[in-house]
There are 2 protein chains.
Amino acid sequence: MDTDQVSGKWDATKGACPTRQVLGRIGDTWTMLVISTLEAQGTLRSGQLKSAIEGITQKMLTQSLRHLERDGVVRRDVVPTVPVTVTYTLTPLGLSLGLAVATMRTWAYQHMDEIVAARNEYDEARET
Amino acid sequence: MDTDQVSGKWDATKGACPTRQVLGRIGDTWTMLVISTLEAQGTLRSGQLKSAIEGITQKMLTQSLRHLERDGVVRRDVVPTVPVTVTYTLTPLGLSLGLAVATMRTWAYQHMDEIVAARNEYDEARET
DNA sequence: CGGTATCCCCCATGATACTG
DNA sequence: CAGTATCATGGGGGATACCG
């Protein structure tokens, strides 16, 4: 049980650590799904992303994409057609993040049943 | 519900998919840190967790732990001393999740600098 | 000590309408 | 089609006080 100092420099449990911000960004519901979708389907237009991710509003989609663009995770390309065409693509950094996100997604998929079972058991033990 | 399925598999981009709930739970800021801490340090008391995770309030800690307990990720043990002693431990399911979370954490560590650089570049390009 | 209950505020988010 | 602006709201989460 060593401490979890990867580099000895930063500790993610401390508020000022940049990783905390990174994890916070990743933690965002829509962000994960956006990355997942781009990873699975490659370059997509804004509208395609919107219809691919059920329930996301344009506002949230744009916001997520801006954040990801700022972090260097996605690249935004504008083609000056009329009407304008905008596409989003994962950068190399984004692709590497996509792999990590895929790991989480895979874990969720593989253990979904266990979790649902655990929830049922927990809930049943409480309603009586 | 049928629309939630693609080739017999669940699609995480659909709202009703259980993986979405799982990812949502994982996405929670504190939850990730709680799992990380338990993974790194093993069984801990409530107070130890609270002081290990900078900035978390008791309310949020308890809430996170309850959710994780419900999902079968952590086990809660109560020793009837006076005052009462409560410890939390990752279950086998929780340990496997811990590995996935560690992957994300490692990614964050490794690419922190790239992200910070990307942000600076992005911000500079916008302030005139 | 660990947890619950209560109050309350504020920000993230949704809805809507509008521009290029 | 992609994005911005504006307003309203609700619930997430902080502070506090109190139980077992």
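Throughout, protein chains are lettered first and strands after them, A, B, ... in sequence-line order, and every chain is numbered starting at 1.
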Partners of [X] by side-chain hydrogen bond (donor to acceptor under 3.5 Å, both in side chains), sequence neighbours excluded?
| X | result |
| --- | --- |
| B:Thr57 | none |
| A:Thr31 | A:Asp28 |
| A:Trp107 | A:His111, B:Ser96 |
| A:Glu39 | A:Arg105 |

Can you list, in residue-number order, the parts of residues 63-79 of chain B that come under 4.0 Å of DNA chain D, counting heavy atoms only? none
Results of side chain to side chain contact (heavy atoms under 4.5 Å, CB included) for [X] - residues two or more places apart only:
| X | answer |
| --- | --- |
| B:Val78 | B:Arg76, B:Val84, B:Val86 |
| A:Thr37 | A:Gln41, A:Leu44, A:Leu49, A:Ala52, A:Ile53, B:Thr13 |
| A:Gln63 | A:Met60, A:His67 |

Residues that A:Arg75 engages under salt bridge (charged side-chain N to carboxylate O under 4.0 Å, His left out), provided they are two or more places apart: A:Asp77
Restricting to salt bridge (charged side-chain N to carboxylate O under 4.0 Å, His left out), what partner residues turn up for B:Asp123, sequence neighbours left out? A:Arg70
Separation of atom [atom1] in [X] from atom [atom2] in [N], rounded to whole Å:
| X | N | atom1 | atom2 | answer |
| --- | --- | --- | --- | --- |
| A:Lys50 | C:dG14 | NZ | C1' | 12 Å |
| B:Leu61 | C:dG3 | CG | P | 8 Å |
| A:Gln58 | C:dG20 | CD | C1' | 14 Å |
| B:Leu33 | D:dG13 | CG | C1' | 16 Å |

Please produce a list of atom pairs where a protein N or O lies less than 3.5 Å from an N or O of nucleotides 14-18 of chain D.
unit_1: D:dG14; atom_1: OP2; unit_2: B:Thr57; atom_2: OG1; d: 2.9
unit_1: D:dG14; atom_1: N7; unit_2: B:Lys59; atom_2: NZ; d: 3.4
unit_1: D:dG14; atom_1: O6; unit_2: B:Lys59; atom_2: NZ; d: 2.3

So, is A:Arg45 near the phosphate of D:dC1, with a side-chain N or O under 4.0 Å from OP1 or OP2? no
Presence of B:Ser46 side-chain N/O under 4.0 Å of C:dG3 phosphate oxygens OP1/OP2: yes
Terminal axis angle for the helix from C:dC1-D:dG20 to C:dG20-D:dC1, five pairs an end, nearest 10 degrees: 50°
